[in-house]
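Just so we're clear, the structure is a prediction, and the values are computed from it rather than from any experiment. In each ligand, atom 1 is the first atom listed, and ligand 1 is the first ligand listed.
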Amino acid sequence: MSQTPELLKCLIIGSGPAAYSAAIYAARADLKPVVIEGPKPGGQLTDTTDVDNYPGYPEGRTGPEMMEDFKKQALRFETDVRSGWVTKVDFTGPVHKLWVDDQTELHAQSVIIATGASAKWLGLPNEKRLRDLGGGVSACAVCDGFFYRGQTVALVGAGDTAAEEATYLAKLCKKVYMLVRRDEFRASRAMVHRVMNTPNIEVLWNTEARDVLGGQAVEGVVVENNKTGEKRTLDVTGLFIAIGHQPATELFKDWLDRDANGYLKHDPDRTSTKVPGVFVAGDCADHVYRQAVTSAGTGCMAALDAERWLAAQGLH
Ligand code: NDP
């Protein structure tokens, strides 16, 4: 005997700052939100050690602790947080259909997608170990650059993110080595101009990182010139990786518009998408800012947009 699927007013997919901020607002607006946590409860912040740039935490907080705080706050307003992974969606009808773990079918009048993104890594022998230790391997200059004030660091990448992060780091650090694997940038002309006119950035062309050295913290980066085969060790205390991010949006590709890099598109100045009742928040729809605080902001926006949309449909 097949059961009638549960009908929800507001379903939130994800469990990072965007998802939980959306949940807090939706719960307080009596939308009785259900959060489906996804494959990595807590999202990208669970990979970070100290978060010192989130307002309201004067002493800082570790990423995992901060995500526990977000969750607790959402639970305080009776958000229904469920573990599981949304594996299929069908946005054809007025009621949106979603399947959790390929099994449980849920119906939702509004959906907030906050599935996030993940940084790409190089896969160097010691990269993950030092990253997990908080030992100087990072994919976010804005988050971690502060810890390297006055020091020499290396940064990998040649796109707009890398160019932006290199110039950001150059303001804090004594010197930034920028490792570019080809003999040209991918970044826009304006960003390249800015990099080339920053005296303490040294661009190493045709250069790839081969390993990152250090026991508890970065003590050097082994690089190789891929034209000459020449290897050397850069004397640096930090390694920043800026080779792009992968938004978790594959599931929605048949239903929503995505940009060339896979980020979900939404209406200008709104979190609504081309599917009525489906809203987006956080890094799955933002390749520019990618900060916990901006994600939380768009989560709030998505909940307000969902509430107003439900009210306009006479559903709330
Ligand atoms: P991109 O995909 O544009 O660039 C990735 C860079 O990393 C490329 O230069 C690539 O090299 C390099 N790379 C990839 N893999 C490796 C590897 N294994 N080893 C060494 N280098 C590697 O990603 P971005 O994050 O820079 O940008 C994503 C999008 O966001 C772009 O459309 C960009 O324009 C946009 N953006 C816009 C900003 C703005 O408008 N202010 C700011 C930041 C991003 P190669 O060139 O050789 O392929």
Side-chain angles (χ1 to χ4, degrees), residues 44 47 115-128 130-131 137-145 153-171 176-198 201-212 218 221-234 236 238-250 253 257-266 268-269 280 282-295 297-298:
Q44 287 178 82
D47 284 338
T115 47
S118 47
K120 293 180 186 163
W121 298 95
L122 290 169
L124 304 174
N126 287 301
E127 181 184 17
K128 185 165 185 324
L130 284 162
R131 176 158 67 89
V137 175
S138 165
C140 181
V142 176
C143 317
D144 298 327
V153 299
L155 177 135
V156 180
D160 280 322
T161 303
E164 241 178 39
E165 301 218 326
T167 48
Y168 180 88
L169 288 169
K171 290 187 192 125
V176 180
Y177 288 106
M178 193 165 175
L179 313 186
V180 176
R181 67 178 172 181
R182 292 184 293 141
D183 55 5
E184 60 177 348
F185 281 102
R186 182 181 291 275
S188 57
R189 262 168 196 257
M191 288 309 298
V192 172
H193 184 75
R194 211 189 290 175
V195 167
M196 299 311 279
N197 283 288
T198 304
I201 298 178
E202 182 178 339
V203 179
L204 302 180
W205 303 105
N206 299 115
T207 300
E208 295 179 49
R210 294 294 181 223
D211 201 3
V212 52
V218 172
V221 172
V222 180
V223 299
E224 181 174 346
N225 183 306
N226 57 26
K227 281 264 155 80
T228 63
E230 185 197 336
K231 275 191 179 177
R232 61 191 269 220
T233 299
L234 301 176
V236 296
L239 174 64
F240 288 83
I241 316 285
I243 60 171
H245 284 74
Q246 189 63 48
T249 60
E250 192 64 16
K253 68 175 192 302
D257 290 335
R258 302 190 299 166
D259 72 11
N261 294 304
Y263 290 88
L264 295 171
K265 290 189 179 178
H266 53 86
D269 301 325
V280 294
D283 286 13
C284 65
D286 169 25
H287 67 258
V288 179
Y289 300 104
R290 294 196 298 250
Q291 300 300 302
V293 67
T294 51
S295 284
T298 55

Give the atom numbers and elements of ligand 1 that come within less than 4.0 Å of a heavy atom of Thr161. 24 (P), 25 (O), 26 (O), 27 (O), 43 (C), 44 (C)
For Val156, the ligand 1 atoms whose distance to one of its heavy atoms is below 4.0 Å: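 Atoms satisfying the 4.0 Å criterion: 20 (C).
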What is the closest protein heavy atom to [atom], and at what distance does it sit?
{"atom": "atom 23 (O) of ligand 1", "result": "Gly244 CA, 3.8 Å"}
{"atom": "atom 34 (O) of ligand 1", "result": "Asp160 OD2, 2.6 Å"}
{"atom": "atom 30 (O) of ligand 1", "result": "His287 CD2, 3.3 Å"}

For a quick check under 3.5 Å, do Glu208 and Asn226 share a side-chain donor-acceptor pair by atom type?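 Side chains of Glu208 and Asn226: pair found under 3.5 Å.
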Do Ile241 and Lys120 come within less than 4.5 Å of each other through their side chains, counting heavy atoms only?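 Of all side-chain heavy-atom pairs linking Lys120 with Ile241, none is under 4.5 Å.
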Taking the side chain as everything from C-beta on, heavy atoms only, tell me whether His266 gets closer than 4.5 Å to Thr298. no
Within the side chain of [X], is there an N or O that forms a donor-acceptor pair under 3.5 Å with the backbone of [Y]?
{"X": "Asn126", "Y": "Asp211", "value": "no"}
{"X": "Thr207", "Y": "Trp205", "value": "yes"}
{"X": "Thr249", "Y": "Leu264", "value": "no"}

N/O of [X] under 3.5 Å from N/O of ligand 1, yes or no?
{"X": "Gly157", "result": "no"}
{"X": "Arg182", "result": "yes"}
{"X": "Ala158", "result": "yes"}

Answer side chain, backbone, both or neither: which part of Asn261 comes under 4.0 Å from ligand 1, heavy atoms only.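 The answer is the side chain of Asn261.
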Is it the side chain, the backbone, both or neither of Leu122 that has a heavy atom closer than 4.0 Å to ligand 1?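 Side chain only.
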Would you name the heavy atoms of Val156 and Ala209 that are closest together and state the gap between them?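 What the structure gives for the nearest pair is CG2-CB, 4.4 Å.
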Strictly inside 4.0 angstrom of atom 40 (O) of ligand 1, do you find any protein heavy atom?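 No, no protein heavy atom sits under 4.0 Å from atom 40 (O) of ligand 1.
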Option nearest atom 13 (N) of ligand 1 (shortest heavy-atom distance, choices Ile243, Thr207, Leu179):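 Answer by nearest heavy atom: Ile243.
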Of the choices Arg181, Glu164, Arg186, which has the non-hydrogen atom that lies closest to atom 8 (C) of ligand 1? Arg186
Go through Met178 and Thr198 one step at a time and tell me if the side chain to side chain contact (heavy atoms under 4.5 Å, CB included) criterion holds. CA-CA 12 Å; Met178 193 165 175; Thr198 304; over 6 Å; no
Start with the C-alpha distance between Leu124 and Val137, add both sets of side-chain angles, then the distance that settles side chain to side chain contact (heavy atoms under 4.5 Å, CB included), and finish with yes or no. CA-CA 11 Å; Leu124 304 174; Val137 175; over 6 Å; no
